[in-house]
Engineer: 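My structure is below; once you've seen it, I'll send some questions.
What you are looking at is a predicted structure, and each value in this text was computed from that prediction instead of being measured.
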Amino acid sequence: LQLPAQVGMVAGLGLAFLMVFTSPRVCAATLLLALGIYLGILNQAPAGPYFEQTLQNWEQGRFIRFHGLAQWVGWLWPYALVPYALRLVGSRNPQN
């Protein structure tokens, strides 16, 4: 593992350890903050080297395969998680 990955893993484990002792509402609010940062960084990242090849496959109608489905799930899961986290932050009893 390179140094940035090691630093990220240590920071993630440290934050996870701290979140064990907080309320579910604080955890959900931290999740929303982390998702916002993640999506901001992800949306500003340059296109990958195989982006044009992927677009070419889509134009030919070959995207309706398992790989295409997995790619869409990978793109959409953060946006699907936002309403759930908002519901946890706004609920009166976040345990349920």
Engineer: Is it the case that atom CD in Q2 sees more than 12 heavy atoms from other parts of the structure closer than 6.0 Å?
Structural biologist: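 Result for CD/Q2: open.
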Engineer: Which heavy-atom pair separates A28 from A85 by the least distance, and what is that distance?
Structural biologist: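 That closest heavy-atom pairing would be CB-O, 3.9 Å.
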Engineer: In the hydrophobic clustering (ILVMFWY, side-chain contacts below 4.5 Å, transitive), which residues join V7, or is it alone?
Structural biologist: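 Listed partners: L3.
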Engineer: Other members of the hydrophobic cluster containing M9, with the 4.5 Å side-chain heavy-atom rule, please.
Structural biologist: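 The other cluster members (ILVMFWY side chains, heavy atoms under 4.5 Å, direct or chained) are L1.
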Engineer: Would you list the atom pairs, donor with acceptor, under 3.5 Å between side chains in residues 12-23 and any protein atom, with sequence neighbours excluded?
Structural biologist:
from	atom 1	to	atom 2	distance (Å)
T22	OG1	M19	O	3.0
S23	OG	V26	N	3.3

Engineer: Could you state the interatomic distance from CG (L81) to CG (L31), rounded to the nearest 0.5 Å?
Structural biologist: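 Going from the CG atom of L81 to the CG atom of L31 covers 5.0 Å.
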Engineer: Would a hydrophobic clustering, with Ile, Leu, Val, Met, Phe, Trp and Tyr connected at side-chain separations under 4.5 Å, put L33 with L35?
Structural biologist: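 In one cluster with L33: L35, no.
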Engineer: Below 3.5 Å, can you tabulate the donor-acceptor pairs from side chains in residues 36-46 to any protein atom, sequence neighbours excluded?
Structural biologist:
from	atom 1	to	atom 2	distance (Å)
N43	ND2	L39	O	3.1

